[in-house]
J.: 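One structure follows; several queries about it will come next.
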Amino acid sequence: RVPQLLRSAQEVTLTNSGDAPLEIMDVGTTCECTVALPETERLAPGESTRLLVTFDSRDYVGPVERKIGLRTNDPSREVFVIDVVAEVTT
């Protein structure tokens with residue numbers, strides 16, 4: 001739950017579970033109300049980083065669903081999608 005007119009921030013941990021360096025080449029969201037910023041854009045195998053996700057609830061009431069897309073150099077999963085779900089209350 002997120003009160004309306006508030007910016008809510010959450011951290012998501014991203015881990016490179018592969019055996020090669022992982023590069024986050026681009027981060028996009030489905031709405032300007034959501035911003036996602038990785039702490040690091042290049043991860044060695046086994047390394048983790050934080051993704052700071054901020055949601056601005058100013059224009060919403062009720063359930064809100066948005067997506068974050070991470071474009072990477074991983075040939076088996078070039079785009080990784082994270083769902084952002086919030087219940088905006090007045």
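Because only heavy atoms are used, hydrogens play no part in the values below, and waters and symmetry mates are left out as well, while side chains stay in.
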J.: Any side-chain heavy atom of Q10 sitting closer than 4.5 Å to one from S8?
T.: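 Yes, at least one pair of side-chain atoms sits under 4.5 Å.
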J.: Can you name the closest pair of heavy atoms from T89 and R1 and give their distance?
T.: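 For T89 versus R1, the nearest heavy atoms are CG2-NH1, 3.4 Å.
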J.: Could you tell me if the side chain of L51 sits less than 4.5 Å from the side chain of L37, heavy atoms only?
T.: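 No, too far: nothing below the 4.5 Å cut-off.
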J.: So, the side chain of S57 versus the backbone of L5: is there a donor-acceptor pair under 3.5 Å, distance only?
T.: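 Present.
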J.: Which heavy atom of Q4 sits nearest to which heavy atom of Y60, and what is that distance?
T.: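 That closest heavy-atom pairing would be NE2-O, 3.1 Å.
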J.: Let's go through V64 and V85 carefully: what are the C-alpha distance in whole Å and the side-chain angles of both, what is the deciding distance for side chain to side chain contact (heavy atoms under 4.5 Å, CB included) to 0.1 Å, and is it a yes or a no?
T.: CA-CA 6 Å; V64 178; V85 179; over 6 Å; no
J.: Are the side chain of T29 and the backbone N or O of T34 linked by a donor-acceptor pair below 3.5 Å?
T.: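 It does hold such a pair.
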J.: Under 4.5 Å between side-chain heavy atoms, counting indirect links through other Ile/Leu/Val/Met/Phe/Trp/Tyr residues: same cluster for M25 and V27 or not?
T.: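 M25 and V27: separate clusters.
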J.: Determine, stepwise, if the pair S76 / D74 fulfils side-chain hydrogen bond (donor to acceptor under 3.5 Å, both in side chains).
T.: CA-CA 5 Å; S76 66; D74 183 344; 2.8 Å; yes
J.: Regarding S48 and T15, do their side chains bring together a donor and an acceptor under 3.5 Å, going by distance alone?
T.: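 Yes, a side-chain donor-acceptor pair sits under 3.5 Å.
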J.: Can you tell me which residue pairs pass the salt bridge (charged side-chain N to carboxylate O under 4.0 Å, His left out) test with a partner in residues 7-22, sequence neighbours excluded?
T.: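 Only R7-D56, E11-R50 qualify under salt bridge (charged side-chain N to carboxylate O under 4.0 Å, His left out).
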J.: Under the 3.5 angstrom rule, does the side chain of T30 hit a backbone N or O of K67 as a donor-acceptor pair?
T.: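 Yes; at least one donor-acceptor contact below 3.5 Å.
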J.: Does any non-hydrogen side-chain atom of I82 lie less than 4.5 Å from one of V53?
T.: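 Of all side-chain heavy-atom pairs linking I82 with V53, none is under 4.5 Å.
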J.: Check whether V79 and L14 end up in the same hydrophobic cluster, where Ile, Leu, Val, Met, Phe, Trp and Tyr are linked by side-chain heavy atoms less than 4.5 Å apart.
T.: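 V79 does not cluster with L14.
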